[in-house]
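Taking it in order: structure first as structure tokens, then the write-up.
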Amino acid sequence: MPQENQNLEGPDPAVTLAQAAGLAEHLQRVGVQWLPAADPDSVTALAEQLRSAADGAPERSSEQASAPPAVSPPTVQPAVVQPAVVQPAVVQPVAAGPPAVAAGTVQPSTAGPASGFSLQGDSADPAEPYPGPSLVPDARAAELARFSEQVAACTRCEILSQCRTKTVFGEGNVAPRVVFFGEGPGRDEDLSGRPFVGKAGQLLTKMIQACKFAREDVYIMNTVKCRPPNNRNPEPTEIENCREFFQAQFGILRPEYIVCLGLVSAQALLCTKLSVGRLRGKFHQYFDSKVLVTYHPSYLLRNPAAKKAAWDDLQLMLRDAGLM
Ligand code: URA
């Protein structure tokens, strides 16, 4: 007699849940990013379903015993696996295709930082996958820390480097699914050295949470790393001076999505002069990343009526990512 299918009552729900939790922890430890936290109500409901299925199940034949339990599968979002050292796959064709303008031409800065990690290969083309290997999370963190130190010592912009209190490099998950890309530090950010911590930052945090992310799930950074005096827009030369830094950040982070917050970041990343109104509502491309342009939280604070459009933009991303 074959010895399989001795357990005619099916798997023990408690064991199944414990194993699932263990697997989830393991996946997160080895670098699977953005595994969503389980919703406690759904966990309880699922446990109930499993329990009643196990309790009420008639004795099962050996064929039935190997079939899946008669409960509807839990609607858990698939985890996103960031390949550790493998080049990420090229993104699927995006709705709008590559921008009509020459997007993100990689221009080596004449006074670039002495970095070992460089995106500035002559052949780097933002319609292609990110050049070079994708780094494991620890190596990403180390590279970002190295660039952050270079930014802190940077004096390329005479005015900004003299006016700043702290440089604001960026923060968050080093293997993020989404990067939120702002303009430049304001007063609160200049004082704290952290991006988006003032009023606009509070709104951005709410926008991130509306997407069912936490701030820690995503990465937040700016186009320029020093506060322009009186919160004026950064000058084109200041943006170019910082280009190598934000390009390097994206080359390390390789997010699936980049959300450009406002005109400055969108025009800088996509190398375009088009307005937010023209750029929003569709995907653009920057290497492997799909780029979404939406309104800056500061603009939304001044024009609350535009919040609906901003939420539409974020929903475009969430739908595309299979998150709603
Ligand atoms: N506005 C930005 O663009 N970035 C910040 O970090 C804060 C406000």
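None of the values given here were measured: they were computed from a predicted structure. Counting starts at 1 for both ligands and their atoms, following the listed order.
When the shell of 6.0 Å around CG of Leu301 is examined, it contains more than 12 heavy atoms from other residues, nucleotides or ligands.
Electrostatic pairing of Arg146 and Glu143 counts as a salt bridge here, judged by a charged N lying under 4.0 Å from a carboxylate O.
Of all protein heavy atoms, the one closest to atom 4 (N) of ligand 1 is Asn222 OD1, 2.8 Å.
In terms of polar-atom proximity, Ser298 is not counted as a contact of ligand 1, lacking any N or O under 3.5 Å from an N or O of the ligand.
The atoms of ligand 1 that sit less than 4.0 Å from any heavy atom of Glu183 are 2 (C), 3 (O). Within the listing of ligand 1, atoms 6 (O) sit less than 4.0 angstrom from a heavy atom of Pro195. Every atom of ligand 1 with a heavy atom of His296 under 4.0 Å away is listed here by number and element: 1 (N), 2 (C), 3 (O). Atoms of ligand 1 lying under 4.0 Å from any heavy atom of Gly182, numbered from 1 in the order shown and given with element: 3 (O).
Ligand 1 has Gly184 within reach: a non-hydrogen atom of the residue lies less than 4.0 Å from it.
Tyr257 and Asp320 share a donor-acceptor pair across their side chains, judged by distance under 3.5 Å alone.
With hydrogens and angles disregarded, no donor-acceptor distance shorter than 3.5 Å links the side chain of Arg156 to the backbone of Ser161.
With sequence neighbours excluded, the residues satisfying side-chain contact (heavy atoms from CB on, under 4.5 Å) with Ser275 are Arg278.
If you look at Phe287 and Phe250, their ring centroids are not closer than 6.0 Å.
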